[in-house]
S.K.: 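Have a look at the structure that comes next, please.
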2 protein chains.
Amino acid sequence: MLTSDDCPENVLAIKDALEALEGRWKLLILLSLSAGNKRFKQISKEIHSITDKMLSKELKILESNKLVKRSVYDTFPPTVEYSITEHGKSVEKVLDVLYQWGMQHRKEVMGN
Amino acid sequence: MLTSDDCPENVLAIKDALEALEGRWKLLILLSLSAGNKRFKQISKEIHSITDKMLSKELKILESNKLVKRSVYDTFPPTVEYSITEHGKSVEKVLDVLYQWGMQHRKEVMGN
DNA sequence: CTGAATCCTTGACGATACTG
DNA sequence: CAGTATCGTCAAGGATTCAG
């Protein structure tokens with residue numbers, strides 16, 4: 001979460017939004033969990049090129065941002081399940097807008 | 001511009017959109033130019049903490065993304081003016097959505 | 001199974017000096 | 001005025017190994 005530095009106040013909210021979705025993996029993890037609750041191993045198999053370290057780290061960030069919920073079940077071997085929160089679901093409308101503009105942007109930049 | 005790697009096709013457009021706005025400066029430059037055409041020096045004065053190198057680099061990226069237009073006038077000393085393109089203006093509705101969600105996000109993450 | 005610890009590479013970003 | 005060139009720093013992300 002950013003604090004005031006160079007930015008006018010309203011820019012901070014935009015930057016926070018971008019930051020919450022930035023990086024190579026957050027989007028993929030979010031979409032994977034949107035399709036249903038998953039365990040650590042399941043996610044890493046779906047996103048085959050992610051390392052355990054990155055998956056672990058990104059999940060923590062997403063959890064700290066209240067986009068993802070982590071549930072631990074006391075079994076052996078340990079069972080941990082990840083799911084999308086209500087707040088996590090609310091990003092979908094943002095992604096829609098980004099998708100629409102992104103398509104337009106690709107047309108604009110590539111071949112008109 | 002990304003090509004297909006791990007990502008499902010629709011994710012690429014979203015990533016391109018995020019990429020076009022990412023980084024410490026792009027948003028500030030875009031907003032500055034939205035308020036009116038500016039010359040290099042004017043922008044760097046408005047965004048006082050940016051270095052010439054970064055401003056130059058970011059402007060090139062924004063120009064290559066068709067978000068900003070660079071106009072050179074053959075005077076001495078040289079005059080270069082930057083302006084927002086139509087495509088650049090189209091990001092405003094994206095920023096609106098990001099702002100709305102960003103505000104909600106801040107409430108969610110900080111003190112509900 | 002679900003991670004944490006360590007080491008390494010790469011690119012973003014900054015400071016400063018210089019040029020047409 | 002409008003940049004470029006050079007050097008340096010730091011954190012993101014990756015590869016690999018270790019642990020409860």
Side-chain angles (χ1 to χ4, degrees), chain A residues 1-3 5-7 11 15-16 18-30 32-33 36-65 68-83, chain B residues 1-3 5-7 11 15-16 18-30 32-33 36-65 68-83:
Chain A
M1 190 82 23
L2 297 165
T3 54
D5 46 324
D6 301 295
C7 305
V11 177
K15 290 209 174 193
D16 283 342
L18 288 172
E19 204 170 85
L21 303 174
E22 262 175 14
R24 185 166 168 186
W25 306 114
K26 293 187 188 64
L27 225 50
L28 294 172
I29 297 172
L30 239 22
S32 167
L33 291 178
N37 299 359
K38 303 260 167 66
R39 297 172 60 179
F40 189 90
K41 197 69 171 188
Q42 287 180 284
I43 305 173
S44 85
K45 249 180 287 189
E46 261 191 55
I47 311 173
H48 73 284
S49 54
I50 196 173
T51 61
D52 285 353
K53 175 191 164 186
M54 288 310 295
L55 180 52
S56 171
K57 179 189 165 196
E58 296 291 293
L59 282 168
K60 269 182 195 163
I61 295 173
L62 291 170
E63 196 195 356
S64 77
N65 279 343
V68 160
K69 183 175 188 300
R70 180 177 188 271
S71 309
V72 185
Y73 302 99
D74 191 12
T75 57
F76 188 84
T79 301
V80 181
E81 190 176 73
Y82 293 91
S83 54
Chain B
M1 188 80 27
L2 296 165
T3 54
D5 47 325
D6 301 295
C7 304
V11 176
K15 290 210 172 192
D16 283 341
L18 289 172
E19 206 168 85
L21 303 174
E22 265 175 12
R24 185 167 169 186
W25 305 114
K26 293 187 188 65
L27 226 48
L28 294 172
I29 296 171
L30 241 21
S32 167
L33 292 178
N37 299 0
K38 305 258 167 64
R39 296 170 61 178
F40 189 91
K41 197 71 170 186
Q42 287 180 285
I43 305 173
S44 86
K45 249 180 286 188
E46 262 193 55
I47 310 173
H48 73 283
S49 54
I50 197 172
T51 61
D52 285 353
K53 174 190 163 185
M54 287 311 294
L55 180 53
S56 172
K57 179 188 165 196
E58 297 291 293
L59 281 169
K60 271 181 195 162
I61 296 174
L62 291 169
E63 196 194 357
S64 77
N65 279 343
V68 161
K69 182 173 187 302
R70 181 177 186 270
S71 308
V72 185
Y73 302 100
D74 192 12
T75 57
F76 187 84
T79 302
V80 180
E81 190 176 73
Y82 292 92
S83 54

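In the text below, chain A, chain B and the rest are named by the order of the sequence lines, each starting its count at 1.
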S.K.: Whole angstroms only, please: what is the CD-C1' distance between B:Glu19 and C:dA12?
M.R.: 13 Å

S.K.: Just by protein heavy atoms under 4.0 Å, how would nucleotides 1-17 of chain D read 5' to 3' in B, S and -?
M.R.: BSBS-BB-----BBB--

S.K.: If you compare all heavy atoms of A:Arg24 against all heavy atoms of A:Ser49, which two are closest, and at what distance to 0.1 Å?
M.R.: NH2-OG, 4.4 Å

S.K.: Where is the tightest heavy-atom contact between A:Leu21 and B:Leu18, given as atom of each residue plus distance?
M.R.: O-CD1, 3.9 Å

S.K.: Sequence neighbours excluded and cut-off under 3.5 Å, please list the side-chain donor-acceptor pairs for residues 50-58 of chain A, or say none.
M.R.:
unit_1: A:Thr51; atom_1: OG1; unit_2: A:Met54; atom_2: N; d: 3.3
unit_1: A:Glu58; atom_1: OE1; unit_2: A:Lys26; atom_2: NZ; d: 3.2

S.K.: Where do A:Asn37 and A:Ser83 come nearest, in terms of heavy atoms and distance?
M.R.: OD1-CB, 3.2 Å

S.K.: What are the two closest heavy atoms between B:Leu33 and B:Tyr82, and how far apart are they?
M.R.: CD2-O, 3.6 Å

S.K.: side-chain contact (heavy atoms from CB on, under 4.5 Å), that's the test. Do B:Glu81 and B:Tyr73 meet it? Break it down for me.
M.R.: CA-CA 8 Å; B:Glu81 190 176 73; B:Tyr73 302 100; 3.8 Å; yes

S.K.: If I compare all heavy atoms of A:Ala20 with all of A:Leu62, which pair ends up nearest, and what's the gap?
M.R.: O-CD2, 4.4 Å

S.K.: Should A:Lys38 and A:Glu46 count as an ion pair when the cut-off is N to O under 4.0 Å?
M.R.: yes

S.K.: So if I take the C1' atoms of five pairs at each end of the helix from C:dC1-D:dG20 to C:dG20-D:dC1 and get each local axis, what angle do the two axes make, rounded to 10 degrees?
M.R.: 40°

